Amino acid sequence: MNRLTAIVLAAGEGKRMRSRQPKVLHPLCGRPLIAYPLRTAQALADRIVLVVGPNADGVVKLAPREARAVVQSERLGSGHAVLQAKPECAEGTILVLPGDMPLLSAETVERLVDHHRKSRAAATVLTAIVAEPQGYGRVLRQGGRVKRIVEDRDASDAEKKIAEINTSVYCFDSKRLWSALGKVRADNDQGEYYLTDVVGILCRAGARVDAIPVVDPAEAMGVNDRKQLAAVAVVQRRRILDRLMEAGVTIIDPASTYIEDTVTIGPDTTIQPQVVIEGQSVIGGECVIGTGCHVSSSRLADRVELKPYCVLTESVVDAAAILGPFCHLRPLSHVGSGAKIGNFVELKKSKIGRGSKVPHLSYVGDSTVGTQVNVGAGTITCNYDGVAKHETKIGDRAFIGTNTSLVAPITIGDGAYIAAGSTVTKDVPPGALAVGRAHQVVKEGWAARKAKTREEHRG
Ligand code: UD1
Ligand code: CA
């Protein structure tokens with residue numbers, strides 16, 4: 001059987017990123033760059049060998065369990081990097097995937113592998129015809145057949161005009177690859193062992209090298225610096241939005257919508273302009289996500305409405321709840337079905353029961369609120385005593401008057417009432433009314449008496 005080993009190259013220093021972290025850990029639409037080729041390798045290959053640089057534990061951690069990692073301790077070029085993978089490779093077909101080309105699709109790579117296997121070429125290079133080939137290796141052909149690849153910095157002016165570039169994705173017959181790699185010399189501008197030289201070496205030995213161009217040249221976009229990362233992100237974002245729109249999601253303004261690759265959204269949901277949805281977020285169907293909302297690693301059931309400018313992090317919202325405008329759900333908040341969370345309300349680690357309302361200007365933290373509860377405007381759970389956090393429990397159908405302070409730990413029973421303006425420090429039993437404020441004093445005719453004393457004073 002002709003086994004397929006994928007070598008994923010990720011040992012490059014990424015100098016042009018000017019970053020402390022390895023280039024392939026930089027995120028693109030919610031996944032590190034290296035996750036993209038690893039996903040393709042996982043879909044197609046029998047074996048995966050990941051080549052990393054020194055101190056790249058963070059990269060190795062992202063590899064699937066069955067992958068083998070090898071360290072290229074000295075960065076001597078892409079050819080040298082591939083050679084480090086040799087002991088871990090099976091005999092058969094070797095697929096090389098660069099770690100910095102995240103737009104490459106699995107379908108394109110599959111087409112390359114199929115072509116390579118059918119044609120029985122010694123090597124098959126994936127190329128691209130691009131309008132701006134600067135910086136890329138150029139594919140030199142003679143009589144239509146591939147002859148060699150020349151790097152941009154080693155190319156003559158005439159060679160620089162060639163629009164067909166090397167994508168850095170290749171298939172090799174393993175035996176041919178290893179023997180040719182042994183002959184690669186570092187006699188180039190960078191003094192590196194270039195994998196690209198294998199093509200010329202094979203051709204000179206009379207072997208056949210094929211090149212097939214990608215259909216969509218965007219797939220060949222590499223990430224060497226942060227400007228290229230941003231350019232790649234524009235394409236990737238649009239792909240994510242197209243996938244969602246094809247699946248029935250309405251996106252009013254794709255240009256201002258940022259949705260990560262990790263997000264799923266149900267049909268007939270509408271995304272208003274300037275929305276960010278990131279992390280492992282799951283949005284149900286028939287939801288409305290209002291302008292300016294920022295949803296991070298949260299789960300929304302069907303028919304949830306987020307009015308404009310809500311911020312949700314690691315929270316859960318059940319069906320048909322209505323949130324915002326301007327509310328903030330901090331981690332571990334859970335809003336029950338049909339509940340309403342209104343303007344300038346902050347929730348943290350709290351459960352709001354089905355049909356309950358927290359409509360205005362409140363902070364609810366470390367709390368469990370029952371069903372059909374009304375939390376009046378300006379209610380604050382005083383959950384922190386300066387040392388520890390304490391819990392607030394509010395029973396079903398309770399009514400919390402406006403401007404109430406609930407000093408935790410505290411329990412308000414089912415159906416209890418709290419008078420407006422109360423500071424509640426003791427538990428309130430079910431069905432009771434608690435009034436925790438100074439009694440009002442009314443002095444009849446006080447203003448007139450005051451005016452009289454003022455006059456006497458003057459006179
Ligand atoms: C490379 C190709 C170029 C091609 C371009 C496509 C070479 C010599 N050139 O150029 O023909 O047009 O990709 O994007 O291969 N790497 C290592 N160890 C090293 C050096 C590189 O693992 O010592 C890895 C990098 O992590 C990267 C890949 O090899 O995944 C390519 O290296 P990079 O420096 O990005 O090469 P380019 O200049 O982009
Ligand atoms: Ca590159």
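We use all heavy atoms of the structure for the numbers below, so side chains are in, but hydrogens, waters and symmetry mates are not. Treat the numbers as computed from the prediction; the structure is a model and nothing was measured. Each ligand, and each atom within it, is numbered from 1 in the order the structure gives.
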Does [X] come within less than 4.0 Å of ligand 1, judged by its heavy atoms?
{"X": "Leu195", "result": "no"}
{"X": "Val51", "result": "no"}
{"X": "His80", "result": "no"}

Run down the list [options] and name the one with the heavy atom closest to [atom].
{"atom": "atom 28 (C) of ligand 1", "options": "Asp197, Thr196, Ile7, Leu9", "answer": "Leu9"}
{"atom": "atom 18 (N) of ligand 1", "options": "Glu13, Gln72, Arg75", "answer": "Gln72"}
{"atom": "atom 19 (C) of ligand 1", "options": "Gly77, Ala11, Ala10", "answer": "Gly77"}
{"atom": "atom 36 (O) of ligand 1", "options": "Gln190, Arg16, Lys15", "answer": "Arg16"}

Taking non-hydrogen atoms only, is [X] closer than 4.0 angstrom to ligand 1 via side chain, backbone, both or neither?
{"X": "Glu151", "result": "side chain"}
{"X": "Ile165", "result": "neither"}
{"X": "Ala81", "result": "side chain"}

Does any donor atom in the side chain of [X] or [Y] lie under 3.5 Å from an acceptor atom in the other side chain?
{"X": "His116", "Y": "Thr93", "result": "no"}
{"X": "Ser297", "Y": "Gln280", "result": "no"}
{"X": "Ser105", "Y": "Glu219", "result": "yes"}

More than 12 foreign heavy atoms under 6.0 Å from CZ of Arg111: is that the case here? yes
Taking both backbone and side chain into account, is any N, O or S atom of Asn224 nearer than 3.0 Å to the Ca ion (ligand 2)?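 Looking at Asn224, which is the residue asked about, there is an N, O or S atom under 3.0 Å from the Ca ion (ligand 2).
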Look at Asp261 together with Arg31 and state whether they make a salt bridge at an N to O cut-off of under 4.0 Å.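 A salt bridge links Asp261 with Arg31.
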